[in-house]
Every structure is written in C-alpha cells, then in structure tokens.
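The chains referred to below are lettered A, B, ... by the order of the sequence lines, with proteins before strands, and numbering in each begins at 1.
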Number of protein chains: 2
Amino acid sequence: MIDSNFVERCDNVVIHEDVVNKVRDQMPEAEHLYDLADLFKVFSDTTRVQILYALDLSEMCVCDIANLLNMTQSAISHQLRILKQVSLVKNRRDGRVVYYSLADDHVKKILDQGFAHVIE
Amino acid sequence: MIDSNFVERCDNVVIHEDVVNKVRDQMPEAEHLYDLADLFKVFSDTTRVQILYALDLSEMCVCDIANLLNMTQSAISHQLRILKQVSLVKNRRDGRVVYYSLADDHVKKILDQGFAHVIE
DNA sequence: TGAACATATGAGCAACCGTTCATATGAACA
DNA sequence: TGTTCATATGAACGGTTGCTCATATGTTCA
C-alpha cells in the first residue's frame, strides 16, 4: 500500500510525488534506455531472429540463408546490413562469397533469455 | 573454411546444400522464433522500456508514470495495455487509482541482459 | 578483358506502430 | 444521485519499417 500524500490533481502534476522523485533518481540514464530499446528493435523482426539463430549453428553465406528462409537474396542482404551495423554479426569474404557469423556469444545470451520466456 | 560442394547456382537453389540442411534440422521451431520476435518487439520502444524500469523500482499508478516520463496519460495507458497483454506487467485497483508492477522478475533479466550489451 | 555470378544498395510502396484527441468507463465523495 | 477524477479506449494521422524491383559493385574464370 502506497501511503504518500496526494499532492496535486493528476492531470496537472503528480499523485505520489515522493514515489516519482525516488524512481526518477534511481532510473538509468534516459540515453541508455533509448539505446536499449534500439537494441531490442533489432531483435524484434522474425527474419532477423531466424538469421541470428541460423548463424549460431553455422557460419553461412547470404545465398544459403536466403534459401534456408525461403526469401529473396536482397531481403536477406538488407537485414544482414542492419545486423552488421549494430555489430551483432561479422563477415568474411572468400572469393565472390561472403560468409556471415555471430559477432560474439553475447548475442546468443540475449536470444536465449527471451527464448526461455517464450517456451514456458 | 566451408568445403561443401557447390550444388547449384545461387539464384536457383543453394550453394552449400549440406550446411543448409544441417542448419534447417537444428533450427528452433519457426513458431517459437516468431513468438520470440514478438516478445522483443514489446521491448523495442523507449516508452515501454522506461515504464518497465520504473516499475522495477516501484509499483506506480498510470498518472505517476505519465508525470515521470513527461507524457500523456493516454499514451501511457495505451502502452500499459500492451505490456499487460503479453503479461509483462500486472495491476491492482485501489479505489480510482490503478497500480502497475512487473509481472515477474524474468522481465528484469531480459532487460538487464540487453542493458549489459548497451553500456559496454 | 569480358562474361558470369554473389552480394550490396537505392528508390518506392504497403503495412505497421506510437502518439494525439475525443470520449467512455467506473469508482469516490459531497 | 450527480459531480469529480483516474483510467481506458477507439479513430485517425504521421513516421517508421521490411520487402520488392532494378541496378551497382566486386570477384572469378575463360
């Protein structure tokens, strides 16, 4: 039960001023939370999640991924560009073929943490 | 170095057929990955991330959150509805006031896992 | 060098999303 | 009971996003 005094009407100021002040003090920096939402945004598309899980199993070239997911080479390439921009995947060139793989195992940890919540 | 034979031209079938088949076998169910992307979608908005971090610090009513984040009561209420639909927050009513809190500590784990990646 | 091929990329479009605005709901208090 | 107030919600609008299509880039090989 919250016992802080009702300071003002809600549509003007706050109801529980002390609670709001306490939370405001302890909140992480707004910029960090903005970056955090941006990070999750990358994980919020089915195609990208599928790509990341595929790359966790094996490094793959663009064409293989396109065939695995039954999608256009262009669509996959666009998504890989996004994943690379935020350093979730890295790539290496071997002749004409470009192989992609996960940038680090942190990526998998984030995926798995969410996955655990989904399969329950 | 991947040593599988080049089976077909890329724009028709696959390059590394064995790799694609192996990955296809080991991939999590497509439906799970779809749900996973949907879960991350909820975390992919700054407003919702701020709400979740705030609720981790203290249960709060709609009006307090609106004031904390300097946003409309309506906007916050819409977002809380989304968070409740996917069971990330719960609420209790006390008279006219509705207090929201995190549904479980799994939510914080997902946030923190991402946060660790952001602040590095 | 020129043809073939894997990949990258820019423009454009349709679908989705988060906000605002107006209004409805539901509880308290006079 | 009627007014007040906290919250909920539907419609609408502007911005974002993921795909397609066309084309560019860069490497190989004849």
NZ/A:Lys22: more than 12 non-hydrogen atoms of other groups inside 6.0 Å = yes
Check: B:His32 ring centre within less than 6.0 Å of A:Tyr53 ring centre = no
Using a cut-off of less than 4.0 Å, is there contact between a side-chain N or O of B:Arg81 and OP1 or OP2 of D:dT9?
-> yes
Here the distance between atom C1' of D:dC29 and atom CZ of A:Arg96, to the nearest Å, is 7 Å
Identify, between A:His78 and A:Val98, the residue whose nearest nucleotide on DNA chain C lies closer to the 5' end.
-> A:Val98
What integer distance in Å separates A:Lys41:NZ from D:dT16:C1'?
-> 8 Å
B:His117 and A:His106 aromatic ring geometry - parallel, tilted or perpendicular at 30°/60° bounds | perpendicular
Nearest to the side chain of A:Ala75, which nucleotide is it out of D:dT7, C:dC17, D:dT20?
-> D:dT20
What nucleic acid atoms does B:Ser77 come within less than 4.0 Å of, heavy atoms only: base, sugar-phosphate, or nothing?
-> base
Find the distance A:Lys84:NZ to C:dA8:P and express it as a whole number of Å.
-> 9 Å
What's the closest nucleotide to the B:Thr47 side chain, out of C:dT7, C:dA27, C:dT19?
-> C:dT19
Rounded to whole angstroms, how far apart are CD1 on B:Ile82 and P on C:dC17?
-> 9 Å
What do the steps show when you test B:Lys109 against B:Asp112 for salt bridge (Lys or Arg N to Asp or Glu O under 4.0 Å), and what is the final call?
-> CA-CA 5 Å; B:Lys109 280 187 191 167; B:Asp112 285 345; over 6 Å; no
Using the closest heavy atom to pick a nucleotide of DNA chain D for each, name whichever of B:Tyr100 or A:Gln79 lands nearer the 5' end.
-> B:Tyr100
Any idea which of C:dA8, D:dT20, D:dA8 is nearest the A:Gln73 side chain?
-> C:dA8
Between A:Ser74 and A:Ser44, which has a closest nucleotide on DNA chain D that is more 5'?
-> A:Ser44
Given atom CD1 of A:Ile76 and atom P of D:dG18, what is their separation to the nearest angstrom?
-> 13 Å
Expressed in angstrom and rounded to an integer, what is the separation of B:Arg48 atom CZ from C:dT19 atom C1'?
-> 12 Å
Side chain of A:Val62 - closest among D:dT9, C:dA28, C:dT7 | C:dT7
Within this structure, what is the CZ-to-C1' distance between A:Phe43 and D:dG18, rounded to whole angstrom?
-> 18 Å
Flag yes if more than 12 heavy atoms outside B:Glu31 fall under 6.0 Å of its CD atom; otherwise flag no.
-> no
Separation of C:dT9 P from A:Asn91 CG (nearest whole Å) | 10 Å
